[in-house]
Novice: 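Got a structure here, written out as structure tokens. Questions coming.
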There are 2 protein chains.
Amino acid sequence: MKKEYSETEIKIKTAAKSLFLKKGYSATTTREIAKESEINLALLNYYFTSKWKLFEIIMFETLFEFLSKMVEVYNDEKTSLEEKIKLTCEKYIDMTIAEPLLPTFVLNELKNNPTSFLKMPSTKMIMSSRLVAQYQEGVKKGIYTQVEPIHFVTNIMSLIVFPFMCSPILKKMEKLNTKEFNTLMLERKKSIPKWIIKMIKK
Amino acid sequence: MKKEYSETEIKIKTAAKSLFLKKGYSATTTREIAKESEINLALLNYYFTSKWKLFEIIMFETLFEFLSKMVEVYNDEKTSLEEKIKLTCEKYIDMTIAEPLLPTFVLNELKNNPTSFLKMPSTKMIMSSRLVAQYQEGVKKGIYTQVEPIHFVTNIMSLIVFPFMCSPILKKMEKLNTKEFNTLMLERKKSIPKWIIKMIKK
DNA sequence: TTTTTTATTAATCATTTGTTTAATTCAATT
DNA sequence: AATTGAATTAAACAAATGATTAATAAAAAA
């Protein structure tokens, strides 16, 4: 039972999300949000009560959308482990190229406010996913080396996400513009699955 | 020619760094810094002109200190590539356990202000380091697979740093307290070098 | 000691910020 | 057409914030 948002509410949410991603919660003012979404300042509180409430809604929806997409791949019944890894890379690299500010934003706000997001859409779904089960099957069969599943999952995400978070540094180091940087990231769609397989294979 | 700081200046800088790391630049107020460092509010501007100038000094010193330590390992003449990887993991994991908020803080502020840190202590030193040269030698000899050095360097840092940035998520997923989380990270001191070697070996 | 410079303080200023208000416009219902 | 309720607006409020001032205390130089 998703809430239906009016046109105005959507305008506010869209502008707010864009600004929060770019500047973070604290550096974003309600007046900026009002200006960007072309609504009157008072409407923000009229519809969302407070800046913080608005932020919570946006954060929750963003995390939920992301986790849903991820778990979808992780739990696919038809695909093998190696296919899942490949699909994860492809999907998530595309997603991050489309919204490159999101990972740093999320992890930073989560750091600033670790408790307030305990209501976060269940993260347990990852460790109990088919991806993890398939990895553990492989370990039993002696195909893969024995490593804690949490490391396995973390490694995949690390190799995918972290380079995006370092984009200001990487761009400077290699004198890349955004397009060139994205090309570099797209290369990793093919490389990361190979690396991961090599890491876990005996 | 490092600037000599008075006792008061050090008190201000220490408190400011701690608060900036915890809450970020925007969410930290000058009054908080004054209170935490037990100095009068006006002294902040007396010694550092403005909040932003103080921030820039702290940011520069922090980055410089970190990069120096890293390049030190990267350029060691005595060690082999595999030893360098091992030492990097050990050193950097210890450093991050000691100051776990730093990576997210740095990358987030860098995102918010990518241009202002172009004066950043030369990042080129990494790509021209002995570590990278040794990797490329290995590629020529046919020991390692041919991958762009930038990917090689990025992968090492990704596997080391990203898990720390995800600590709020990992802690929740596995129901870990800080001590247990750190144990998990310490495990990676031994694992990551193995994984990296597997990744690059033919 | 006297003078001068430096360090520290409390008080204040001018903006900015999140939020609220009361009035007005707009749309739907009777 | 009249009435009711929701949507929108301009104006204002109270608190917070970065910065400055002018006065005082402490330290250094004369």
Side-chain angles (χ1 to χ4, degrees), chain A residues 1-62 105 108-109 112-113 115-117, chain B residues 1-62 105 108-109 112-113 115-117:
Chain A
M1 43 193 253
K2 234 181 191 170
K3 205 207 159 206
E4 284 294 325
Y5 286 109
S6 71
E7 206 177 321
T8 312
E9 286 170 295
I10 291 168
K11 268 163 69 183
I12 296 172
K13 276 176 55 188
T14 307
K17 185 176 179 181
S18 158
L19 286 165
F20 283 147
L21 281 175
K22 219 179 293 171
K23 322 179 44 168
Y25 175 77
S26 295
T28 303
T29 70
T30 51
R31 278 169 181 79
E32 280 179 294
I33 297 172
K35 203 172 184 183
E36 177 102 354
S37 53
E38 292 173 310
I39 54 110
N40 185 282
L41 175 59
L43 286 181
L44 193 155
N45 297 83
Y46 178 74
Y47 283 113
F48 297 99
T49 313
S50 72
K51 182 190 171 190
W52 178 251
K53 280 268 176 63
L54 171 60
F55 175 74
E56 280 190 315
I57 291 169
I58 290 170
M59 188 55 131
F60 185 90
E61 285 186 5
T62 304
F105 163 75
N108 188 59
E109 300 295 346
N112 294 341
N113 213 311
T115 49
S116 108
F117 292 106
Chain B
M1 44 193 249
K2 234 180 189 172
K3 205 204 158 208
E4 283 295 326
Y5 287 108
S6 71
E7 206 178 321
T8 312
E9 287 170 295
I10 291 169
K11 266 164 68 185
I12 296 173
K13 275 176 56 189
T14 308
K17 184 175 179 183
S18 158
L19 284 165
F20 283 147
L21 281 176
K22 219 178 293 171
K23 320 179 44 168
Y25 175 78
S26 295
T28 303
T29 70
T30 51
R31 279 169 181 81
E32 279 179 295
I33 297 172
K35 203 171 184 183
E36 177 100 355
S37 53
E38 292 174 311
I39 55 110
N40 186 283
L41 175 59
L43 286 180
L44 193 154
N45 297 86
Y46 178 75
Y47 283 113
F48 297 99
T49 313
S50 70
K51 181 190 170 189
W52 178 251
K53 280 267 175 60
L54 171 60
F55 175 75
E56 280 190 314
I57 291 169
I58 290 170
M59 189 56 131
F60 184 89
E61 286 186 6
T62 304
F105 164 75
N108 187 58
E109 300 295 346
N112 294 342
N113 213 313
T115 50
S116 108
F117 292 105

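Labels below follow one simple rule: chain letters A, B, ... track the order of the sequence lines, proteins then strands, and each chain is numbered from 1.
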Novice: Pair Phe48(A), Glu56(A) - check side-chain contact (heavy atoms from CB on, under 4.5 Å), show working.
Specialist: CA-CA 10 Å; Phe48(A) 297 99; Glu56(A) 280 190 315; over 6 Å; no
Novice: In whole angstrom, give the distance that lies between atom OH of Tyr46(B) and atom P of dA7(C).
Specialist: 4 Å
Novice: Heavy-atom distance under 4.5 Å between the side chains of Glu61(B) and Lys17(B), does that happen here?
Specialist: no
Novice: dT20(C) C1' sits how many Å from Phe48(A) CZ, rounded?
Specialist: 18 Å
Novice: Do the non-hydrogen side-chain atoms of Leu54(A) and Ile33(A) ever get within less than 4.5 Å of each other?
Specialist: yes
Novice: Which pair of non-hydrogen atoms, one from Glu32(B) and one from Ala27(B), has the smallest distance, and what is that distance?
Specialist: OE1-O, 3.5 Å
Novice: When all nucleic acid strands are considered with a 4.0 Å heavy-atom cut-off, which category describes Thr8(B): base, sugar-phosphate, or nothing?
Specialist: sugar-phosphate
Novice: Taking ring pair (Phe, Tyr, Trp, His ring centres under 6.0 Å) as the test, write out the residues that go with Phe20(A), two or more places apart.
Specialist: Tyr25(A), Phe55(A)
Novice: Does Thr14(A) reach the main-chain N or O of Ile10(A) with its side chain, forming a donor-acceptor pair under 3.5 Å?
Specialist: yes
Novice: Is there a side-chain contact between Ile39(A) and Tyr46(A), using heavy atoms and a 4.5 Å cut-off?
Specialist: no
Novice: Could you give the start and end, 5' to 3', of the contact zone on DNA chain D for chain A, using atoms under 4.0 Å from its heavy atoms?
Specialist: dA6(D) to dA12(D)
Novice: I'd like to know if the side chain of Lys51(A) and the backbone of Thr28(A) have a donor-acceptor N/O pair within less than 3.5 Å.
Specialist: yes
Novice: Determine, for nucleotides 13-19 of chain C in 5'-to-3' order, which nucleotides have protein heavy atoms under 4.0 Å from the base (write B), from only the sugar-phosphate (write S), or from neither (write -).
Specialist: ----BBB
Novice: Expressed as a whole number of angstroms, how long is the span from Ile12(B):CD1 to dT9(C):P?
Specialist: 10 Å
